[in-house]
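Read through the structure below, which is laid out as structure tokens, and then see the notes.
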Amino acid sequence: MYNRLRNPSTSFINDGFLLQNDFARTLYHNFAKPISIIDYHNHLSPIEICENHRYANCTELWLKGDHYKWRAMRTLGIDEHFITGSATDREKFTKWGQTVPYTVRNPLYHWTHLELQRYFDISQLLDTNNAEHIYNVTQEQLQQPSFYTQGLLKTMNVKVIATTDDPADDLKYHIRFQKENDTLRLLPSFRPDKAYAVENPKEYRHYLTVLADSAKQEIHTYDDLILVLRQRIAFFNEVGCKSADHGLARLHHFKLGDYDAKTLFKNVLNGKLLTPEETAYFKFETLIHLCKCYHELGWVQQFHLGALRNTNKRMLSKLGADTGFDSIGDFQQAMPLANFLNLLDSTDQLTKTVIYNLNPSDNEVFASMIGNFNDGNIKGKMQFGSAWWFLDQKDGMEKQLNSLSNLGLLSCFIGMLTDSRSFLSFPRHEYFRRILCNLLGKDVETGQLPADEEWLGKIVTDICYNNVKDYFGF
């Protein structure tokens, strides 16, 4: 009988991990593994990168802000005191160690042990028996400069980081870092979600004051808002920004003029709560203005669609947003998405676009949608984005890759991103690369693809690095 107290090593994460035949292993080790990482969308802190932050312990680095882990701990029945509460960092890590053995077949089990191996060279399976020892060992390692933020990125061979930044951000850490560092590129991305979040007039009016201050321009009318957003886009562009990102349940589509955006804006300033239809229209028209600006500059626009956020109102009031109480939503996507993209394309103002779905039932919808708006001017202009959030695990990645392969061109895909707030998340690129190489390797083994190492190796290299480098212009 298996004895858990023996605590076997993570020998299952070896050179052949997730690679089920020799050709898959060749593709991964000869082509995917050696190349650098471009992480074109994440939520990492530019302050921590610029100031080369040193972490006090592994709880601060690994557990703080990671709602994937928090959800697992809650499911196991661990009290919130040990998750986001006032327990010590050591106690929180010990509870995470207690949780890990019970995450089998959840991606957290693979990610956890990949991260322990790749950063800390720890090959034991984390559990309640060794959690305190691992906490002590990692705490010692974290005092070394190679474990500060810049060292962690260097360890993972990261070359480009594109953070997610509000239009009101002064980007001072990006600017400073760009002057001081010539080996890692730290670039901003434009995330204007708050600029059209009119659901709560009081919060929105407060945000407008922050946005106005950032531009040194007053915002009294809708025209003022659009002018300020254009100014902030120009500023972001000067600092090297190459993309905008948007987190939405779905895109909306109306005829321009169905509502008067100027009147809606005035009503919000006066404290009036808009109807759901009016709110949707305001987002729609504002996004159209923004998307035309992106097209002028040749930016990439990214749309993360399908999240049902903040469903647990009791915990939202207690802990705030982004604490692990979101889920997959079942919103209608196809028709409004097609109409929104078509409106921009009708005036040839549709820029390079990446669409991400959170509901796996939309895989084929999104994979087929991109083909409607490729016009032959840019390779892979329209992208079906990498499996995201609840889908960025083995099964979800394989389904996304298969849908894209069946309905588009996998060879033009721009590959993986972390979408993470953790500096220990970069083994997810390895995870993706192994899954990609295994899919191709299995096709070779079953006679569905030729055993052409040079050509398939080029396809792998393109997906993991070259395509995204060219697409964003990094």
Side-chain angles (χ1 to χ4, degrees), residues 27-44 46 49 150 153-165 174 177-178 181-190 236-245 294-295 297-303 351-356 370 374 376-388 392 397 400-401 404 408-420 425-437 440 454-474:
L27 287 177
Y28 176 72
H29 289 288
N30 290 358
F31 297 96
K33 182 179 179 179
I35 54 180
S36 303
I37 289 174
I38 293 176
D39 202 58
Y40 58 93
H41 173 70
N42 58 72
H43 298 273
L44 295 175
I49 296 173
Q150 293 177 27
L153 294 171
K154 183 177 180 180
T155 295
M156 289 292 104
N157 196 19
V158 179
K159 296 301 182 185
V160 180
I161 291 285
T163 58
T164 303
D165 308 281
H174 296 84
F177 186 82
Q178 291 170 9
N181 192 295
D182 59 1
T183 58
L184 172 67
R185 297 189 69 188
L186 175 62
L187 302 174
S189 297
F190 190 76
F236 270 59
N237 193 61
E238 291 173 2
V239 185
C241 180
K242 297 180 181 297
S243 72
D245 182 69
Y294 309 152
H295 179 266
L297 296 172
W299 281 11
V300 175
Q301 58 189 13
Q302 303 181 68
F303 296 104
T351 193
K352 292 175 286 187
T353 303
V354 189
I355 51 175
Y356 306 84
I370 62 173
N374 281 317
N377 291 323
I378 301 170
K379 176 185 174 182
K381 174 182 176 179
M382 306 297 294
Q383 290 281 331
F384 173 28
S386 180
W388 162 57
D392 65 349
M397 290 183 193
Q400 188 270 346
L401 291 168
L404 178 57
L409 293 183
L410 177 65
S411 57
C412 295
F413 183 39
I414 58 173
M416 186 58 177
L417 62 151
T418 62
D419 193 30
S420 176
S425 65
F426 287 91
R428 293 186 193 178
H429 282 268
E430 174 185 342
Y431 203 60
F432 167 82
R433 292 175 182 187
R434 286 178 178 271
I435 290 166
L436 170 66
C437 292
L440 295 173
E454 181 180 356
W455 179 247
L456 292 178
K458 179 186 183 303
I459 297 295
V460 167
T461 303
D462 286 347
I463 293 171
C464 295
Y465 187 81
N466 293 329
N467 288 346
V468 68
K469 182 176 183 295
D470 294 340
Y471 189 73
F472 284 87
F474 289 135

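Computed from heavy atoms alone, side chains included, the values below leave out hydrogens, waters and symmetry copies.
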*Residues two or more places apart in sequence or in another chain: which of them pass ring-ring contact (aromatic ring centres under 6.0 Å, His included) with Y28?*
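Partners of Y28 under the ring-ring contact (aromatic ring centres under 6.0 Å, His included) test: none.
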*ring-ring contact (aromatic ring centres under 6.0 Å, His included) partners for H43, two or more places apart*: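 By the ring-ring contact (aromatic ring centres under 6.0 Å, His included) rule, H43 matches H41.
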Pairing donors with acceptors under 3.5 angstrom, does anything connect the side chains of [X] and [Y]?
X	Y	value
T351	Q301	no
N467	K379	yes
N181	T183	yes
T418	D39	yes

Can you measure from [atom1] ([X]) to [atom2] ([Y]) and round to the nearest 0.5 angstrom?
X	Y	atom1	atom2	value
I161	Q150	CD1	CD	11.0 Å
L297	F190	CG	CZ	10.5 Å
K469	C464	NZ	SG	15.5 Å
L44	S425	CG	OG	6.0 Å
Y465	R433	OH	CZ	10.0 Å
I35	H429	CD1	NE2	11.0 Å

*Heavy atoms from other residues, nucleotides or ligands near NZ of K381 exceed 12 (cutoff 6.0 Å)*: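 Above 12, so yes.
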Please give me the minimum heavy-atom distance between [X] and [Y], naming the atom from each residue.
X	Y	answer
P188	H174	N-CD2, 3.5 Å
V239	L187	O-CD2, 4.2 Å
S386	L417	CB-CD2, 3.7 Å
T164	N42	OG1-O, 2.5 Å
V460	A32	CG1-CB, 3.7 Å
L404	I370	CD1-CD1, 4.0 Å

*Check against side-chain contact (heavy atoms from CB on, under 4.5 Å), T461 and N466*: CA-CA 6 Å; T461 303; N466 293 329; 3.6 Å; yes
Could you check whether any side-chain heavy atom of [X] comes within less than 4.5 Å of a side-chain heavy atom of [Y], counting everything from C-beta outward?
X	Y	result
I414	F472	yes
F177	L184	yes
P427	M156	yes
Y431	M397	yes
I37	R428	no

_side-chain contact (heavy atoms from CB on, under 4.5 Å), paired with L440, selected from I463, L401, L27_ =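 Per the side-chain contact (heavy atoms from CB on, under 4.5 Å) rule, the option paired with L440 is L27, out of I463, L401, L27.
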*asked:* Run the side-chain contact (heavy atoms from CB on, under 4.5 Å) test on Q383 and Q302 for me, step by step, so that the C-alpha distance in whole Å, both residues' side-chain angles and the decisive distance to 0.1 Å come before the verdict.
replied: CA-CA 9 Å; Q383 290 281 331; Q302 303 181 68; over 6 Å; no
*Walk me through it: do S243 and S189 pass the test side-chain hydrogen bond (donor to acceptor under 3.5 Å, both in side chains)?*
CA-CA 5 Å; S243 72; S189 297; 3.3 Å; yes
*Where the side chain of K159 meets the backbone of R185, is there a donor-acceptor pair that is under 3.5 Å apart?*
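Flag not set: sc K159 to bb R185 has no pair under 3.5 Å.
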*Hey, is E454 close enough to K458 for a salt bridge, meaning N to O under 4.0 Å?*
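Here E454 does not pair with K458 in a salt bridge, since their nearest N and O are not under 4.0 Å apart.
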_Could you walk me through whether D419 and Y40 satisfy the side-chain contact (heavy atoms from CB on, under 4.5 Å) test, starting with their C-alpha distance in whole Å, then the side-chain angles of each, then the deciding distance to 0.1 Å, before giving a yes or no?_
CA-CA 9 Å; D419 193 30; Y40 58 93; over 6 Å; no
*For the residue pair Y294 and W299, does the interplanar ring angle fall in the parallel (under 30°), tilted (30 to 60°) or perpendicular (over 60°) class?*
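Correct class here is parallel.
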*Not counting sequence neighbours, which residues clear side-chain hydrogen bond (donor to acceptor under 3.5 Å, both in side chains) with D165? List them please.*
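D165: side-chain hydrogen bond (donor to acceptor under 3.5 Å, both in side chains) contacts with T163.
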*What do the steps show when you test L153 against F426 for side-chain contact (heavy atoms from CB on, under 4.5 Å), and what is the final call?*
CA-CA 8 Å; L153 294 171; F426 287 91; 3.5 Å; yes
